[in-house]
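By convention here, the first residue in the shown sequence is residue 1.
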Amino acid sequence: MSMPIDLAYPFAGWWRVQHSPANRVPSHGTRLFATAYAIDFVPVSEKGRTAPLTAISLLKPEPAEKLPGFGCPIFAPVDGVVLAIHDSEMDHHAHRGIPSIRYALTQKKRAKKGWVALEGNHVLIECRGIVVALCHLKQGSITVRPGQDVQVGEVLGGCGNSGNSTEPHLHVQAVDSPDIERAKAVPVTFEGSLPANGDIVRI
């Protein structure tokens, strides 16, 4: 296993941890597209909750804007150089309750289209030979360009619901090559440790 790359938390506020490699590897149940050590962060309220579930949200998809954190700033977690961006995927509705089951059944179809179809709008940053990917960003929100130097804390874009995403969240992974479909996964830590599933990170 490669040595982990230590990252700064790329957001502010309250975020709940999901699919953490602190709980299992591969964290997302697959090693496809070098996601073995990937981690997800879901923006939540100060009480650690997303938007309340209602009868409507249990039965129908709902606008992503209704959930906490949609569009909130995402920051560079490392000093480095922007290798690539993708900013053209639409943010779709959030799927909770019964809609989340129907949405899950279409995941294989998206996976066949490749990593971009799964991760949606994203920024890739190279740092000391490691590539850090920040994914599911809001369409049209990315503020950096390839070749640009960035520093920790610099705004990259906004939290979105693009790609394979049931609700607005941030997917972070590190790899050893910009060719993610052939790259190997690199472990990550955040400020020297790794939060577990269900943890609430407050920055």
Side-chain angles (χ1 to χ4, degrees), residues 10-24 26-74 85-123 133-142 156-173 180-181 195-201:
F11 46 70
W14 286 260
W15 296 68
R16 186 179 65 233
V17 178
Q18 291 184 344
H19 302 122
S20 173
N23 293 85
R24 70 169 182 175
S27 58
H28 285 58
T30 178
R31 295 181 186 275
L32 187 66
F33 304 128
T35 56
Y37 304 110
I39 188 168
D40 292 339
F41 297 97
V42 180
V44 294
S45 70
E46 295 180 12
K47 296 182 179 180
R49 301 172 183 169
T50 61
L53 280 171
T54 65
I56 292 176
S57 61
L58 284 171
L59 297 174
K60 296 175 61 177
E62 55 194 323
E65 295 87 348
K66 284 190 172 183
L67 279 78
F70 181 77
C72 70
I74 300 299
I85 67 166
H86 185 78
D87 199 23
S88 60
E89 303 297 317
M90 292 183 62
D91 294 282
H92 51 74
H93 276 32
H95 295 74
R96 302 191 291 167
I98 293 174
S100 70
I101 299 172
R102 291 196 294 264
Y103 188 76
L105 295 175
T106 65
Q107 183 169 334
K108 286 186 178 180
K109 182 178 179 180
R110 286 187 293 279
K112 288 181 179 179
K113 294 181 179 179
W115 184 78
V116 171
L118 292 177
E119 302 310 332
N121 301 318
H122 58 268
V123 174
L134 300 104
C135 309
H136 304 307
L137 302 181
K138 180 182 177 183
Q139 184 183 33
S141 72
I142 295 177
L156 303 175
C159 179
N161 201 42
S162 58
N164 188 57
S165 177
T166 57
E167 64 181 309
H169 75 285
L170 177 67
H171 171 103
V172 181
Q173 70 181 97
I180 293 183
E181 298 195 7
N197 288 343
D199 287 352
I200 302 295
V201 176

(message) Let me confirm one number: the CD-CZ distance from Glu181 to Phe33, rounded to the nearest 0.5 Å.
(response) 4.5 Å
(message) Test your reading of the model: is there a side-chain donor-acceptor pair from Ser162 to the backbone of Asn121, 3.5 Å cut-off?
(response) yes
(message) Do Arg49 and Val44 have side chains that approach each other closer than 4.5 Å (heavy atoms only, starting at C-beta)?
(response) no
(request) Return yes if some donor-acceptor pair links the side-chain N/O of Asn161 with the main-chain N/O of Asp91 below 3.5 Å, else return no. (result) no
(message) Could you check whether any side-chain heavy atom of His95 comes within less than 4.5 Å of a side-chain heavy atom of Glu167, counting everything from C-beta outward?
(response) no
(request) Determine the minimum heavy-atom distance between Ala196 and Ala22, stating which atoms define it. (result) CA-CB, 4.1 Å
(message) To check you understand the geometry: which heavy-atom pair defines the closest contact between Arg31 and Ala36, and what is its length?
(response) NH1-CB, 3.6 Å
(request) Compare all side-chain heavy atoms of Val42 with those of Trp15 and state whether any distance is below 4.5 angstrom. (result) no
(message) Using 0.5 Å steps for rounding, measure from the CD1 atom of Ile180 to the CG atom of Leu118.
(response) 11.0 Å
(request) Would you name the heavy atoms of His19 and Ser27 that are closest together and state the gap between them? (result) O-CB, 3.2 Å
(message) Could you tell me if the side chain of Lys138 sits less than 4.5 Å from the side chain of Ile74, heavy atoms only?
(response) no
(request) Evaluate the side-chain proximity of Asp40 to His28: yes if any heavy-atom separation is below 4.5 Å, no if none is. (result) yes
(message) Is it true that Asn164 and His171 share a donor-acceptor pair across their side chains at a distance under 3.5 Å?
(response) no
(request) Locate the shortest heavy-atom distance separating Gly163 from His92; write the atom from each residue and the value. (result) O-NE2, 2.8 Å
(message) Once side chain to side chain contact (heavy atoms under 4.5 Å, CB included) is applied, do any residues pair with Ala12, and if so which ones, sequence neighbours excluded?
(response) Phe75
(message) For Leu32, is there any backbone N or O sitting under 3.5 Å from a side-chain donor or acceptor partner on Thr35?
(response) yes
(request) Indicate the atoms forming the closest heavy-atom contact of Ser20 with Pro195, along with that distance. (result) OG-O, 2.6 Å
(request) Could you grab the distance from atom OG of Ser88 to atom CD of Gln139, nearest 0.5 Å is fine? (result) 7.0 Å
(request) Check whether any side-chain heavy atom of Asp87 lies under 4.5 Å from a side-chain heavy atom of Leu137, and answer yes or no. (result) no
(message) Looking at every heavy atom in both Gly160 and Phe70, which two are closest together, and how far apart are they?
(response) CA-CE1, 3.8 Å
(message) When you compare the side chain of Val116 with that of His122, does any pair of heavy atoms fall below 4.5 Å?
(response) yes
(message) Rounded to the nearest 0.5 Å, what separates atom CD in Gln18 from atom CZ in Phe41?
(response) 11.0 Å
(request) Could you tell me whether the side chain of Pro21 reaches within less than 4.5 Å of the side chain of Ile39, counting heavy atoms only? (result) yes
(request) Could you tell me the separation between the SG atom of Cys135 and the CH2 atom of Trp115, rounded to the nearest 0.5 Å? (result) 4.0 Å
